[in-house]
Amino acid sequence: KNFFSIKFYKKFASLKNMQFFANNALQHKTDLYYIDTYHSEKNNNPVLDWHFDQAYSGRENINRNELLNPNSAAIKFFIYLSDTFSDNGCLSYIKGSNKIAYILKKLIYEGQIDYKPYWTLEQFEKTITREENLLKLKKYINENLIINFLNKVKKIKQTKKDIHDHDISCNQGDMIIFDEAGCHRGSKLLFS
């Protein structure tokens, strides 16, 4: 990125009060640490399939000193330059998954749960449903939240991921603010 585009993005973020929103959402002072733009071509595959950010990209082995503090969270702001809807580049987000991911990350960070990859939806499901992990998660989070999440995962798997229950359509110029710790994807781009 060149210097002028970085300066433009930082000014834009400041004008839109993004730090104010992030501070309130996370309940502590935040810093802008990354800005980018991207353009995706028409494609029958998701822009990025179901995943959890800050989950080490699904790496098998993580050193103890690489573990992220669960309070090192991030709020993402997506500003759409074109209309998005199901099967046309919209964000899909499983509500409540961020709460489960936070507790999982906390338990791993504290050494209460052994790290296993949890970047993909399948990895995450496998990690949280391990009997010993599930028992520890239930100490910190409402069991119904976990059950509801697992039911949503089951439906996604049964429909081979072509499910629109979690899609968030946006018009050109709309902005979505979300906790990147939750399970999300960028849908396929069939139209534009």
Side-chain angles (χ1 to χ4, degrees), residues 21-22 24-28 30 33-34 45-60 62 67-78 80 84-87 89-110 112-170 174-188:
F21 289 114
N24 284 322
L26 296 173
Q27 298 297 305
H28 59 79
T30 61
Y33 77 94
Y34 191 79
N45 296 314
V47 172
L48 188 56
D49 212 348
W50 294 106
H51 67 284
F52 293 80
D53 291 344
Q54 293 192 6
Y56 316 103
S57 301
R59 287 181 12 220
E60 285 292 326
I62 302 296
L67 292 175
L68 297 171
N69 185 318
N71 294 319
S72 295
I75 299 295
K76 282 192 175 174
F77 299 81
F78 279 9
Y80 291 95
T84 63
F85 44 88
S86 294
D87 292 334
C90 72
L91 174 74
S92 303
Y93 195 94
I94 301 177
K95 293 178 183 174
S97 59
N98 57 317
K99 295 176 183 176
I100 301 168
Y102 172 80
I103 297 299
L104 176 65
K105 191 174 169 182
K106 180 180 185 328
L107 293 171
I108 292 170
Y109 184 75
E110 293 173 352
Q112 294 186 50
I113 288 179
D114 292 332
Y115 169 80
K116 295 289 182 197
Y118 64 95
W119 190 75
T120 68
L121 186 60
E122 292 78 12
Q123 290 171 335
F124 189 83
E125 178 190 28
K126 185 176 179 181
T127 299
I128 69 168
T129 56
R130 288 181 65 204
E131 187 176 345
E132 61 272 19
N133 294 351
L134 192 55
L135 288 171
K136 289 177 183 172
L137 283 166
K138 288 178 184 178
K139 289 181 183 179
Y140 298 95
I141 197 161
N142 185 312
E143 185 176 359
N144 287 331
L145 184 63
I146 298 169
I147 291 167
N148 288 338
F149 172 77
L150 292 173
N151 286 336
K152 291 172 185 176
V153 171
K154 183 178 179 182
K155 188 173 179 182
I156 289 169
K157 288 166 68 175
Q158 287 172 340
T159 58
K160 298 181 178 67
K161 302 179 186 179
D162 289 332
I163 185 172
H164 301 296
D165 294 0
H166 312 288
D167 292 357
I168 304 168
S169 297
C170 287
D174 286 350
M175 178 168 60
I176 291 179
I177 304 169
F178 68 98
D179 179 350
E180 74 171 4
C183 187
H184 58 283
R185 72 170 180 177
S187 76
K188 58 181 78 171

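Small disclaimer: the values here were computed from a predicted structure and weren't measured. We're numbering straight along the sequence, starting at 1.
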Practice task
Decide whether H51 and D49 meet the rule of one side-chain donor and one side-chain acceptor closer than 3.5 Å.
Solution key: no
Handout entry: W50 vs I94 side-chain heavy atoms within contact, under 4.5 Å
Key = yes
Handout entry: Minimum side-chain heavy-atom gap I108-I113 below 4.5 Å
Key = yes
Check this for me: [X], atom [atom1], are more than 12 non-hydrogen atoms of other residues, nucleotides or ligands nearer than 6.0 Å?
X    : atom1 : answer
E131 : CD    : no
K116 : NZ    : no
D114 : CG    : no
K126 : NZ    : no

Practice task
Could you tell me whether a side-chain N or O of Y140 sits under 3.5 Å from a main-chain N or O of L104, the two making a donor and an acceptor?
Solution key: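 Flag not set: sc Y140 to bb L104 has no pair under 3.5 Å.
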Exercise for the section: Calculate, to the nearest 0.5 Å, the distance between atoms CG and OH belonging to L91 and Y80 respectively. Expected result: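 It comes to 4.5 Å.
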Completion exercise
Taken to the nearest 0.5 Å, the spacing of C90 SG from I176 CD1 works out to 8.0 Å
Show me the donor-acceptor pairs within less than 3.5 Å that the side chains of residues 144-152 make with the rest of the protein, sequence neighbours left out.
| from | atom 1 | to | atom 2 | distance (Å) |
| --- | --- | --- | --- | --- |
| N148 | ND2 | N144 | O | 3.2 |
| N151 | ND2 | I147 | O | 3.4 |

Exercise for the section: Give the minimum heavy-atom separation between D167 and S86, together with the two atoms involved. Expected result: OD2-OG, 2.6 Å
Exercise for the section: Kindly write out the residues that satisfy side-chain hydrogen bond (donor to acceptor under 3.5 Å, both in side chains) with K106, not counting sequence neighbours, or none if the list is empty. Expected result: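 K106: side-chain hydrogen bond (donor to acceptor under 3.5 Å, both in side chains) contacts with E110.
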